[in-house]
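Data first, discussion second: the structure below is written as structure tokens.
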Amino acid sequence: DTAVSQTPKYLVTQMGNDKSIKCEQNLGHDTMYWYKQDSKKFLKIMFSYNNKELIINETVPNRFSPKSPDKAHLNLHINSLELGDSAVYFCASRGGATNEKLFFGSGTQLSVL
Amino acid sequence: TQLLEQSPQFLSIQEGENLTVYCNSSSVFSSLQWYRQEPGEGPVLLVTVVTGGEVKKLKRLTFQFGDARKDSSLHITAAQPGDTGLYLCAGADGNNRLAFGKGNQVVVIP
């Protein structure tokens, strides 16, 4: 069983479109994250939810809206996609304290044309 | 935002050689983690170091946390092609944030 699964794996779309990425974890973790990895491999935190509540919201454009229907799911909706949104988006989850390990999904490669 | 600088950015070595990569910051971290990421996959945790001066070994990989808890190193002995990957260090700042460095891309040539 995959611990953290995100879909789709690849997403190719036109500028201006709206798209969603879904993430689910079966580890029973309370905290979930969205990270963005740019072309230079820099992994930057976007959002964090703890038990369905938003606890970290970095300076991300409000075109990005996370939604957590329950603590096992954290989806990311992006409105009016721009070229600069092209990147790999990773979902992750963590069970306890900040120094416990993050479990990452295998990433969604978003290409905006 | 606490900045983690990793060096060298890219390292290519022959199988059997040793290598060391570094993760440095001006900030103190409560803990530091090392992850390895392979192409098309998410990062996978290798180790967490918590105590200043701590040394942890994972087979041929040796991780050291600086005495002041601001820096760390990863040493690989007798590198194998399977060690190829992007090595990411991440520091916990005590505010539920884990900040990542930009990674050390290691390529081991058979």
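In what follows, chains are A, B, ... by sequence order, proteins preceding strands, each numbered from 1. As a basis for the values below, the full set of heavy atoms in this structure was taken, side chains included, without hydrogen atoms, waters or symmetry mates. Since the model is a prediction, treat every value here as computed from it, not as a measurement.
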Under 6.0 Å from the [atom1] atom of [X], do we count more than 12 heavy atoms belonging to anything else shown?
X: Lys102(B); atom1: NZ; result: no
X: Gln9(B); atom1: CD; result: no
X: Lys52(A); atom1: NZ; result: no

(Q) I'd like to know whether Gln37(B) forms a side chain to side chain contact (heavy atoms under 4.5 Å, CB included) with Phe90(A), so could you lay out the CA-CA distance, the side-chain angles of the two residues, the decisive distance to 0.1 Å, and finally the verdict. (A) CA-CA 12 Å; Gln37(B) 184 179 14; Phe90(A) 285 98; 3.2 Å; yes
Proximal component of [X], with respect to chain B [non-hydrogen, under 4.5 Å]:
X: Gln109(A); answer: neither
X: Lys40(A); answer: backbone
X: Lys9(A); answer: side chain
X: Tyr35(A); answer: side chain

Value for NZ (Lys101(A)) from OH (Tyr35(B)), rounded to nearest 0.5 Å, stands at 8.0 Å
| said: Could you tell me if the side chain of Lys41(A) sits less than 4.5 Å from the side chain of Asn104(B), heavy atoms only? | reply: no
When the 4.5 angstrom heavy-atom criterion is applied to Gln105(B) and chain A, the contacting part is neither
Evaluate side chain to side chain contact (heavy atoms under 4.5 Å, CB included) for Leu102(A) paired with Phe100(B), printing each intermediate quantity in order.
CA-CA 12 Å; Leu102(A) 282 178; Phe100(B) 282 82; 4.2 Å; yes
| query | Are Ile45(A) and Leu98(B) close enough, and set up right, to give a side chain to side chain contact (heavy atoms under 4.5 Å, CB included), and what steps lead you there? | reply | CA-CA 8 Å; Ile45(A) 190 168; Leu98(B) 197 64; over 6 Å; no
